[in-house]
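Note sheet for the following structure.
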Amino acid sequence: MKCKALPRTFYQRPATDVARALLGKTLVHGAVSARIVETEAYLGLEDPAAHAFRGLTPRTKVLFGPPAHAYVYLIYGMYECLNIVAETEGSPGCVLIRALEPLTGLAAMRRRRPGVRRDEDLANGPGKLTLAMGITRRDNGRDVTRGDLYVCHARQDDPFEMGVSARVGIRHAADWPLRFYVVGNRYVSR
DNA sequence: CAATAGATCATCT
DNA sequence: GATGATCTATTGC
């Protein structure tokens with residue numbers, strides 16, 4: 001995939017703004033790329049659902065660092081989730097990538113997701129997309145403005161309608177409208 | 001189609 | 001020792 005990574009300033013604003021702005025952009029990892037169609041914002045110290053809410057620990061260290069870094073963690077003992085750190089150093093807002101529309105490298109994705117039949121099931125969930133894209137905890141802390149894991153503008157920034165809803169799978173602050181998605185897109189999670 | 005169980009482990013109490 | 005920003009397979013209607 002040949003495109004320029006979004007600059008650090010793109011991520012240097014409130015997590016909610018970054019979550020909205022990432023919709024429709026392209027996530028690239030090596031030769032594999034996909035369109036971001038669903039995101040969630042996590043606000044940090046004011047957000048009981050955020051990992052950073054409990055303060056700085058070895059795990060949340062990356063969240064408290066500078067923006068435009070990947071935060072990858074293990075959930076439920078078997079799946080990994082990809083976030084991108086937003087805001088400024090010391091302000092641990094981040095954006096969870098929840099669903100992707102595969103663009104290039106479909107064969108590689110299917111290889112990493114044996115048993116999946118339909119394209120829309122390859123990356124339509126936070127745990128699925130890390131498998132499909134080959135993203136693991138080894139990518140935790142990586143700078144998303146350099147290297148082979150990054151986000152860039154879509155080839156043609158197709159217009160779309162943005163939907164808003166409550167976040168998925170959390171207990172605290174379960175009714176905060178911080179989930180954003182491309183309305184009508186087949187690759188959005190259930 | 002909806003509901004539920006089971007897998008499985010790093011992190012925090 | 002409990003819990004979770006999940007997924008898949010299976011069961012039941």
Side-chain angles (χ1 to χ4, degrees), chain A residues 11 14-23 27 34 36-65 67-87 91-102 109-142 144 149 151 162-182 185-190:
Chain A
Y11 304 95
T16 306
D17 294 349
V18 178
R20 281 192 282 247
L22 280 174
L23 279 188
L27 176 68
I36 299 173
V37 297
E38 181 179 349
T39 61
E40 281 179 4
Y42 285 86
L43 306 185
L45 297 173
E46 335 157 8
D47 182 357
H51 285 173
F53 179 68
R54 313 266 172 206
L56 200 162
T57 69
R59 178 173 65 161
T60 60
K61 179 177 57 186
V62 177
L63 292 173
F64 286 84
H69 287 254
Y71 169 55
V72 185
Y73 68 93
L74 183 70
I75 189 66
Y76 299 128
M78 56 175 73
Y79 295 104
E80 285 154 312
C81 293
L82 170 68
N83 299 249
I84 301 181
V85 179
E87 301 176 8
S91 178
C94 71
V95 176
L96 170 70
I97 310 298
R98 278 198 62 87
L100 300 172
E101 172 181 342
M109 294 197 199
R110 289 210 198 80
R111 223 172 306 136
R112 298 187 188 110
R113 305 251 314 122
V116 168
R117 301 198 162 266
R118 312 176 323 170
D119 281 355
E120 46 263 54
D121 292 327
L122 282 172
N124 62 340
K128 300 179 192 177
L129 71 89
T130 51
L131 287 172
M133 298 286 292
I135 294 168
T136 71
R137 275 165 289 166
R138 293 198 315 275
D139 298 304
N140 187 44
R142 286 183 60 182
V144 171
L149 176 64
V151 182
M162 186 176 70
V164 182
S165 84
R167 292 175 293 184
V168 173
I170 57 174
R171 303 158 65 96
H172 302 291
D175 55 345
W176 293 14
L178 294 178
R179 171 174 173 261
F180 308 98
Y181 58 95
V182 173
N185 187 282
R186 300 199 312 284
Y187 300 84
V188 170
S189 75
R190 312 250 141 214

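Throughout, protein chains are lettered first and strands after them, A, B, ... in sequence-line order, and every chain is numbered starting at 1.
Within 4.0 Å (heavy atoms only), R113(A) reaches sugar-phosphate atoms of the nucleic acid but no base atom.
Counting only Watson-Crick or G-U wobble pairs whose defining distances are both under 3.5 Å, the stems of 3 or more consecutive pairs in DNA chain C are B:1-7 with C:6-12, B:9-12 with C:1-4.
Heavy-atom contacts of chain A under 4.0 Å fall on DNA chain C between two terminal nucleotides, which in 5' to 3' order are dG4(C) to dT8(C).
Judged purely by atom type and a 3.5 angstrom limit, H69(A) has no side-chain atom pairing as donor or acceptor with the backbone of V85(A).
Between L96(A) and T39(A) the shortest side-chain heavy-atom distance does not fall below 4.5 Å. By the 4.5 Å heavy-atom criterion applied to side chains, V95(A) and T16(A) are not counted as neighbours. At a threshold of 4.5 Å between non-hydrogen side-chain atoms, the residues V188(A) and N124(A) do not count as touching. Residues L56(A) and L63(A) are not in side-chain contact: their nearest non-hydrogen atoms beyond the backbone lie 4.5 Å or more apart. Under the 4.5 Å side-chain criterion, counting only non-hydrogen atoms from C-beta, W176(A) is in contact with L43(A).
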Run the side-chain contact (heavy atoms from CB on, under 4.5 Å) check on V164(A) and L178(A) step by step: do they pass? CA-CA 7 Å; V164(A) 182; L178(A) 294 178; over 6 Å; no
Go through it in stages, so that I can follow the logic: the residues are L82(A) and L27(A), the test is side-chain contact (heavy atoms from CB on, under 4.5 Å), and I'd like the CA-CA distance, side-chain angles, deciding distance and then a yes or no. CA-CA 11 Å; L82(A) 170 68; L27(A) 176 68; 3.9 Å; yes
Would you please test I97(A) and I36(A) for side-chain contact (heavy atoms from CB on, under 4.5 Å) and show each step? CA-CA 7 Å; I97(A) 310 298; I36(A) 299 173; 4.3 Å; yes
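For Y73(A), the ring pair (Phe, Tyr, Trp, His ring centres under 6.0 Å) partners at least two apart in sequence or on another chain are H51(A), Y71(A). Under the rule for a side chain to side chain contact (heavy atoms under 4.5 Å, CB included), the partners of V168(A) that lie at least two apart in sequence or sit in another chain are E40(A), R98(A), R179(A). For L45(A), the side chain to side chain contact (heavy atoms under 4.5 Å, CB included) test picks out F64(A), P92(A), with sequence neighbours left out. The side chain to side chain contact (heavy atoms under 4.5 Å, CB included) search around E101(A) returns R35(A), V37(A), N185(A), Y187(A), not counting sequence neighbours.
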Is there any protein nitrogen or oxygen under 3.5 Å from a nitrogen or oxygen in nucleotides 7-9 of chain B, and what are the pairs?
{"residue": "dT8(B)", "atom": "O2", "partner": "Y76(A)", "partner atom": "O", "Å": "2.8"}

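DNA chain B lies under 4.0 Å from at least one heavy atom of each of the following residues of residues 40-63 of chain A: T57(A), R59(A). Listed by residue number, the members of residues 170-177 of chain A with any heavy atom below 4.0 angstrom from DNA chain B form an empty set. Against DNA chain B, the stretch residues 123-136 of chain A makes no heavy-atom approach under 4.0 Å.
Residue pairs meeting the salt bridge (charged side-chain N to carboxylate O under 4.0 Å, His left out) criterion with at least one member in residues 46-65 of chain A, sequence neighbours excluded, are D47(A)-R167(A).
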Pair up each side-chain donor or acceptor in residues 131-140 of chain A with any protein partner under 3.5 Å, not counting sequence neighbours, and list the distances.
{"residue": "T136(A)", "atom": "OG1", "partner": "R138(A)", "partner atom": "N", "Å": "3.1"}
{"residue": "R137(A)", "atom": "NE", "partner": "E80(A)", "partner atom": "OE2", "Å": "2.9"}
{"residue": "D139(A)", "atom": "OD1", "partner": "R142(A)", "partner atom": "NH1", "Å": "2.7"}
{"residue": "D139(A)", "atom": "OD2", "partner": "T136(A)", "partner atom": "N", "Å": "3.0"}
{"residue": "N140(A)", "atom": "OD1", "partner": "V72(A)", "partner atom": "N", "Å": "3.0"}

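Using a cut-off of 4.0 Å between Lys/Arg side-chain N and Asp/Glu carboxylate O, D119(A) and R110(A) are scored as salt-bridged.
Taking each heavy atom of S189(A) and A99(A) in turn, the nearest pair found is N-CB, 4.0 Å.
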